Amino acid sequence: MAQPGWHRQLNPAQRAAVENLKGPLLVLAGAGTGKTRVVTYRIVNLVRHGVPAQRILGVTFTNKAAKEMRQRAARLLGGKRNQAPEISTFHALCVRILRRHITHLGYPASFAIYDRGDQEGVARAALREIKIATAELRPSDLLYFIGQWKTRGFQPAEAIQEAETDRQHLAASAYRRYQATLHAAGAVDFDDLLLLTDQLFCQVASVRRAEAGRFDHVLVDEYQDTNHSQYRLVKALAGGHRNLCVVGDDDQAIYSWRGANLEHILRFKVDWPDAEVVNLEKNYRSRPEILQMANTLITFNSTRHDKQLIPIRAAGARPRILQLEDEVEEARAVVRDIRRQLALGVRPKHVAVLFRTNEQPRPLEAELRRAGVPYVLVGSMSFYDRREVRDMLAYLKLIESPTDDVSLLRIINRPARGISQKMTGLLTQHAIREGVSVWEVLPQADRVPGVSRPAVKAARDFVALTGQWQERFAHSRSLSGTATELVAALGYRDELQRTYPDPAEWEPRWQAVEQVINALASYQKQVRQPSLRGFLDAVAIDDRQDSDKEEKLQQNAIALMTLHAAKGLEFPHVYLVGLEENLLPHRKAIEAGERAVDEERRLCYVGLTRAQDCLTLSLALTRQKWGRTRETLPSRFLYELTGQADHPRAPHQPDRSARPTPAGAGPA
DNA sequence: GACTCGAGTCCCGCC
DNA sequence: GACTCGAGTC
């Protein structure tokens, strides 16, 4: 068979990964070794060899990755829509599976998906119900514990067994309550999407067979980031045909804190003994000087597949290290340098500033604004946190799933309709006692002791109103049109104007409402069979149709983002700021011990390997922390990556008098 | 029950 | 520095 043109563009290792089509395959791909290209070409090659595209499943972790892969595959396959492979994130895949089969687990098919804000409400209520003072355990702490358990696959019963400290015991019993509340409300949280799908596959063999039977080939990107449930899902989906290809890099495992287990990629050969292994080491992205730093740094980690990134590109500039007085000076120096590059003709979109924590970009933003340099802060999802947006979504959620108590309680008196907090409290308590949702109590509010007559009427009116809009949405030909009518009928705009007389206050809030409707409009334009539930699912799993962030990234602007958000991306010019002890590696990681610091080192490694041509590292000698100026210490990673640390694993002795002279360090 | 005020704590990262 | 929480006050 004649080889298509792209075949010649692959090196032997890549070709092996693309051509070996049968059975399990592990592709260990370092940073910048053409991983995405290999996955996409492999899909294309499968289709060339007669596998129907829709029988191929590609799984990624982020929507961005899924979108990119989908677009590339479509381009190479000639873009026939009915010929598209199924490429989605783990979460999107699970939502689709659960929508079809979740009734087996006793949840309604119209289950709501709770986001972080909703979860906090449920957590708070759970703590209150079992009489745990928030001083002992705050809702956010509880959610942290629950997240830890869920991403490791623990049900409440197992969590109770597993609990050691007092706090863990409290949290474990609150977890049981929390889960019961979700179940009663017909709702699931984000982690449940994976957990329940796994549970479904275990308990209902016919469902597992049906879902696994939809595909002949499964490909998984970033396999080193799979958690317990994801690992089991992959096994369940690929166990029959065994045509499983996983791609990953153990040196880029940076998500253990959300349950990712490096073991999964390290033991792939044990799980699939007949697996072939392909190593991709040739790096097409970065200059050798950058790779040398990255290679040197990562050897300080002990548990890893021993491999090196081999540079393909010609020599370039040596990475620089800037040392500044404080974080404001650091921001100034970085922005000054960026402007210099821009003046030389570098395009803004080719520059990224990377940092460890979300408080770091503040001074950078200030400097960039002052300098008039266009920038985009990637990953801060403030829009969907806004009160007005959450109100609108709560209305839509309630219309879609009336048993969703969190949404109901959010808007039952917004705009004010005479159901006071006290009345709501009585209704909620009654619902808990009866073991039903608040929605079911409302029509019989008169039977609840203490509820006033006007409140009874208001409750009934509210039920009627919701029912009416359920009807209208059910028969709606334009979701955004109906939503516009809903907002008008609610008098939401008047309410905003009443609450915030100053136009500077209410206008942006009103615009937020309009943006929800815009998002709905763009959703129904993009999807073949739009539904309210489909829109809410997309919003919940972050598959934002209006994703203006991404548009901005395409636009010509400097990208500001965390190291975690930068994974998978590349830029000609990269600035990695804040290379200080307690920041990178983060204080919490240092306290947690060596393994956690290893993950920080991988995080730093991810940052270094984002750079194609120019890499600049920086640190500040002092930094504001909680309102006080504190002295900092240079990051141990600076000593390691410049080859100034003893090897391997020299005990790190932070010492201000023995400041490193990291090559090229000095004021800008 | 709504309010102020001071103490104590603090967000590391995200689908 | 910003935020939450609980004590204390009206």
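This structure is a prediction, so every number in the text was calculated from the model and none was measured. The chains referred to below are lettered A, B, ... by the order of the sequence lines, with proteins before strands, and numbering in each begins at 1.
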Rounded distance in Å - CD1 (A/I254) to P (B/dC15) | 11 Å
Can you give me the N/O atom pairs linking the protein to nucleotides 6-12 of chain B at distances under 3.5 Å, or say none if there are none?
| residue | atom | partner | partner atom | Å |
| --- | --- | --- | --- | --- |
| B/dC11 | OP2 | A/R138 | NH1 | 3.1 |
| B/dC12 | O4' | A/H586 | NE2 | 3.1 |
| B/dC12 | O2 | A/R356 | NH1 | 3.3 |
| B/dC12 | O2 | A/R356 | NH2 | 2.1 |

Flag the pair A/F61 / A/H91 as yes when their ring centroid distance falls below 6.0 Å, and as no otherwise.
-> no
With a 4.0 Å cut-off, would you call A/R214 and A/E211 a salt bridge?
-> yes
CG of A/L603 versus P of B/dG13: gap in Å, rounded?
-> 11 Å
Rounded to the Å, how far apart are A/I541 CD1 and B/dC14 P?
-> 18 Å
Taking atom P of B/dC15 as reference, at what distance in whole Å does atom CD1 of A/I87 sit?
-> 19 Å
salt_bridge(A/E222, A/K567) N-O dist < 4.0 Å | yes
May I ask you to decide if the ring planes of A/W149 and A/Y175 are parallel, tilted or perpendicular, using 30° and 60° as cut-offs?
-> parallel
Integer-rounded Å distance: C/dT4 C1' and A/R124 CZ | 10 Å
Protein-nucleotide distance (A/L354, atom CG; B/dC14, atom P), rounded to Å | 12 Å
Quick one: do A/E599 and A/R602 make a salt bridge, cutoff under 4.0 Å?
-> yes
May I ask you to say what A/F61 touches in the nucleic acid, namely base, sugar-phosphate or nothing, with a heavy-atom cut-off under 4.0 Å?
-> sugar-phosphate
Could you give the CD-to-C1' distance, from A/Q224 to B/dC14, as a whole number of Å?
-> 15 Å
Return the value, rounded to whole Å, for the distance between atom CZ of A/R623 and atom P of C/dG1.
-> 17 Å
Any residue meeting salt bridge (Lys or Arg N to Asp or Glu O under 4.0 Å) with A/E329, in chain and number order, not counting sequence neighbours = A/R332
Separation of the C1' atoms in C/dC3 and B/dC14, to the nearest angstrom | 23 Å
